[in-house]
Structure formats: C-alpha cells, structure tokens
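Read through the structure below, which is laid out as structure tokens, and then see the notes.
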Amino acid sequence: MAKPLIAGNWKMNGTVAEGEDLAQSIRDKLGDRPEIATVLCPPFIALPRVAGALAGSEILVGAQNLYPEASGAFTGEVSPTMLAGLCSYVIVGHSERRALLGETSEFVARKAVAAAEAGLRPVVCVGESLEVRDAGNAEEFVAGQLVASLEGVTDAASLVVGYEPVWAIGTGRSARPDVAQTMIGRLRSTLGDLFGAEAASEIPILYGGSVSAENVGPFVDRPDIDGALVGGASLKPDEFVQIVKLTASIRV
Ligand code: PGA
C-alpha cells in the first residue's frame, strides 16, 4: 500500500508573509508525523520562505505548476530546475489550469516528465466535468485523461495521482466516497496496465474536491484512496492539521 499523503493546494491565496505564517502555524500544530507525507503547495513566490519555515520538519513543499523546459525565452514561467532546490512535489494538470488556461493532457504529460527528470514528484490531476458524469462515461473519460497525461512518464516510483471531479472543486459538494473509490480503483488498474500491478499499488492516489475535516474520514477509509488534495481547507491551519491527523489515524 502507498504511504498516505495529504497535500494542501493554497492556489492563488495569501501574501508571502501570510504564507510563511501559515506554514509555521501548520508546523507548530502538526508536530512530527513521519507516518504520513504532508505537502504544502504555496504560490511560487512564497516557496523560498515557506521552505525556510518548514526546514528540519517532516512537512514537504510542493509547487502548483511548472513549465516543461529547463530555461529560455518563456516569459513568466518557472522551470523544473528552478524548483528543484525549493520543493520536492509539483502539481500538474489541475483542472483550473486545464479549464482557465487551456492546458491539454499532452502538455500536462510534458510537465510530468520534466518534473520527474528534475527529481520532483509530479502530482498529476485528472477529473471529469458534471457534463461528462451526467453522460455516464466518467470512468472512461478520466482513465483516458490519465493515460494521456502520463505519456512518456516512466518513473512510477515518483508519481502521485489526484482524482478531482471538477464539479466537486470549491463547491462544497464533495463526491460520495464510494463513487470516488470506484473511480480511483479504476485509475489504479489503469496505472497497473502502464507500470505493472506492484508498482501501481505503491502510487499514492488522492481524492480532491471539497475535502474537509468533517468528510475526509470516509474517503481515506476506502481501500484505494491514499489521501487527499485539499484546497480551501488547507488555508485553515487547525482544520488542515486535523485532516492530516485523521488520515494518519485511519490509513496507517
Ligand atoms: P477544494 O479544492 O478543496 O477547495 O475543493 C481542491 C483542489 O482544487 O485541489
């Protein structure tokens, strides 16, 4: 079984100073939890100070995005090599970037490959819209999206997958845990087809979409759900720490 993982996606929130305070507060409240991977993903500009606030703790740092080239004429972008000294995880393919910035699965796959080459663990996100779910082919769609978003990825050991139904993100309307388990079980078998069943069993697959301290338990209690990708609740230190502790108590 994969080691449980809770990642906080802060999205475009907070100043650098607020990010540093939030990281410090989570560190103070959480204490040492080596049995679970806790990852904080602040905006790019807060990464150095957040990494400083977490130095010497078990809490890890992630970026929310990268550009899949080492350097060059890519105005406004940040490369994997720039991130490699600052963090160890990077979210790629978040549905907000797919929807708002037109990112395709092909582009997401380039990011995942570039991340792994730089020694970062990509958190590859997939998920269906309400339209796709209502049409009844969510599983086919998301499995296909995952395969396309992993094109060229060979390093299964560095990989993390996030299943985030678009209709559940930021809406307060999370998926039913049994629905999430069904999808994530399907994604695990898709990963098995790509990398072999043993490697697939070690890849953390997270549920994301309106996760809170109140609802996280029934998700991580399911066999294939190794943790959560937390948006809104990751900005509240008490609630985020409770999510990590609850997950550790259920999953470990
Ligand atoms: P949410 O966001 O927890 O606020 O729904 C999750 C995400 O987008 O990763």
Side-chain angles (χ1 to χ4, degrees), residues 4-14 18-19 22-23 26 36-44 46-47 50 59-66 87 89-103 105 108 111-112 115 120-130 132-133 138 142 145-146 149 159-177 179-180 183-184 187 204-220 222 225-247:
L5 193 159
I6 297 291
N9 174 10
W10 295 0
K11 308 194 181 183
M12 195 176 73
N13 289 296
E18 285 166 346
L22 178 56
I26 290 170
I36 183 164
T38 306
V39 186
L40 306 186
C41 304
F44 282 138
L47 279 171
V50 165
I59 305 173
L60 301 161
V61 186
Q64 296 175 17
N65 182 36
L66 54 63
C87 63
Y89 287 76
V90 58
I91 298 169
V92 296
H94 191 281
S95 69
E96 284 152 15
R97 299 197 62 84
R98 291 180 188 263
L100 299 172
L101 298 155
E103 291 194 3
S105 291
V108 172
K111 293 183 180 205
L120 299 165
R121 297 192 68 176
V123 181
V124 178
C125 298
V126 290
E128 81 287 359
S129 64
L130 197 53
V132 170
R133 175 150 295 271
V142 177
Q145 202 182 33
L146 182 63
S149 302
L159 191 61
V160 179
V161 170
Y163 166 57
E164 299 200 296
V166 176
W167 44 271
I169 296 177
T171 58
R173 187 189 153 199
S174 59
R176 284 207 335 253
V179 169
M183 178 68 82
I184 289 176
L187 297 182
I205 310 183
L206 315 178
Y207 166 76
S210 299
V211 170
S212 65
E214 216 168 292
N215 68 17
V216 71
F219 285 103
V220 297
R222 304 277 160 165
I225 307 181
D226 300 305
L229 193 45
V230 185
S234 72
L235 299 170
K236 302 173 194 157
D238 286 310
E239 181 164 12
F240 183 71
V241 164
Q242 214 186 327
I243 290 170
V244 176
K245 287 182 177 172
L246 275 166
T247 302

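Whatever order the structure lists them in is the order used to number ligands and atoms, beginning at 1. Quick caveat: nothing in here was measured; it's all calculated off a predicted structure.
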Please identify which atoms of ligand 1 are closer than 4.0 Å to at least one heavy atom of [X].
X      : result
Gly209 : 5 (O)
Gly170 : 1 (P), 4 (O), 5 (O)
Gly232 : 1 (P), 3 (O), 4 (O)
Glu164 : 6 (C), 7 (C), 8 (O), 9 (O)
Gly231 : 1 (P), 2 (O), 3 (O), 4 (O), 6 (C)
Asn9   : 9 (O)
Leu229 : 9 (O)
His94  : 7 (C), 8 (O), 9 (O)

In Å, rounded to the nearest 0.5 Å, how long is the span from [atom1] of [X] to [atom2] of [Y]?
X      : Y      : atom1 : atom2 : result
Phe44  : Asn65  : CZ    : CG    : 5.0 Å
Trp167 : Ser95  : CH2   : OG    : 12.0 Å
Asp238 : Ile243 : CG    : CD1   : 11.0 Å
Tyr207 : Leu229 : OH    : CG    : 10.5 Å

With a 3.5 Å cut-off and sequence neighbours excluded, list the donor-acceptor pairs that the side chains of residues 4-14 form with protein atoms.
| unit_1 | atom_1 | unit_2 | atom_2 | d |
| --- | --- | --- | --- | --- |
| Asn9 | OD1 | Lys11 | N | 3.0 |
| Lys11 | NZ | Glu96 | OE2 | 2.8 |
| Asn13 | ND2 | Trp10 | O | 2.9 |

Ser174 to Asn215 - nearest heavy-atom pair and separation: OG-ND2, 3.5 Å
Heavy atoms of Val90 and Ala115 approach each other most closely as CG1-CB, 3.6 Å
Which residue holds the protein heavy atom closest to atom 2 (O) of ligand 1, what is that atom called, and what is the gap in Å? Lys11 NZ, 3.2 Å
Contact with ligand 1 for Ser210, non-hydrogen, under 4.0 angstrom: yes
Look only at interatomic distance and state if Thr171 has a nitrogen or oxygen under 3.5 Å from any nitrogen or oxygen of ligand 1. no
Just to verify, what does Arg98 make a salt bridge (Lys or Arg N to Asp or Glu O under 4.0 Å) with, not counting sequence neighbours? none
